[in-house]
Trainee: 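Take this structure, written in C-alpha cells, and hold onto it; I'll ask about it next.
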Amino acid sequence: MSGPFNAVYRLVRRVPHGRVSSYGDIAAMCAEEISPRTVGWAMSASPKDVPWHRIVNRRGRLTIGRRSVALLELQRSLLESEGVEFVHVDQVDMEKHRWTPRRVPQAVRKGRRS
DNA sequence: CGCTTGACAGGTC
DNA sequence: AGACCTGCCAAGC
C-alpha cells in the first residue's frame, strides 16, 4: 500500500492542529517527485483521517470553492475552530500558522536541501 | 487514445 | 498588483 497518494496522506496527517501547510510544501517534502496539482488531487480523494482542511495554497488562500462553496465554508469553519487566524475572509495568516517541521520523516524526505 | 480539467506554483509583463 | 503563460499530472470522457 504505497504510492504518491499515500506518501501525501502520511505527510498531511503530520500537520498539527492549528497549523497549515501548502500544496507546494507537501509536494516538496514528498519522497517521490510529484507536483502540487497531484497533492490537490490527493486531497480531493483523501480518507476521513486526513486533515485536508489544513492544506491551503502558497499564499494562504483557500482555493477550494470553485465548485463547492459549501466545502469552502467547511474548510474555513474547521480552521477557525482550530484558532487559525485570517488576514482576509478566504486567506489564512501563513506567517503565523505555516507548518515548518525541522525534520521530515526519512521515508518521506526527498534528497534536497531547502 | 487524445483532449480537457483542475483543491498549484513560478515566472513574465 | 493582477492578468497571463507554462509546467505539472491523475482522472474523466
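Chain letters run A, B, ... following the sequence lines, proteins first and then strands; every chain starts at 1. Hydrogens, waters and symmetry mates play no part in the numbers below; they use all other heavy atoms, side chains included.
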Trainee: How close or far is atom P of B:dA9 from atom CD of A:E33, stated in whole angstroms?
Mentor: 16 Å
Trainee: Separation of A:I26 atom CD1 from C:dC9 atom C1', in whole Å?
Mentor: 18 Å
Trainee: Which nucleotide wins on minimum distance to the side chain of A:W52, given the candidates C:dC8, B:dA9, B:dA7?
Mentor: B:dA7
Trainee: Between B:dA7 atom P and A:R54 atom CZ, what is the distance in whole Å?
Mentor: 22 Å
Trainee: State whether the side chain of A:R61 and the backbone N or O of A:Q91 hold a donor-acceptor pair below 3.5 Å, judged by distance alone.
Mentor: no
Trainee: From the list B:dA7, B:dA9, C:dA10, which nucleotide is the closest neighbour of the side chain of A:I64?
Mentor: B:dA7
Trainee: Measure CD1/A:I34 against P/B:dA9 and give the value in whole Å, please.
Mentor: 12 Å
Trainee: Starting from P on B:dG6, measure out to CG on A:N57 and report it in whole angstrom.
Mentor: 17 Å
Trainee: Report yes or no: does A:Y9 contribute a side-chain atom to a donor-acceptor pair with the main-chain N or O of A:A42 at less than 3.5 Å?
Mentor: yes
Trainee: What's the CE-P distance between A:M43 and C:dA11, to the nearest Å?
Mentor: 14 Å
Trainee: What integer distance in Å separates A:R61:CZ from B:dA9:P?
Mentor: 12 Å
Trainee: Please pick, from B:dA7, C:dC8, C:dA11, the nucleotide with the shortest atom-to-atom distance to any side-chain atom of A:S35.
Mentor: C:dC8
Trainee: Report yes or no: do A:V87 and A:I64 belong to one cluster of Ile/Leu/Val/Met/Phe/Trp/Tyr joined by side chain heavy-atom distances under 4.5 Å?
Mentor: no
Trainee: Base, sugar-phosphate alone, or nothing: which one does A:S44 contact when heavy atoms must sit under 4.0 Å apart?
Mentor: base
Trainee: Could you tell me how far apart A:R58 (CZ) and B:dG10 (P) are, to the nearest whole angstrom?
Mentor: 5 Å
Trainee: Please confirm whether the backbone N or O of A:L74 pairs with a side-chain atom of A:H53, one donor and one acceptor, at under 3.5 Å?
Mentor: no
Trainee: Can you figure out which of C:dA10, B:dA9, B:dA7 approaches the side chain of A:F5 most closely?
Mentor: C:dA10
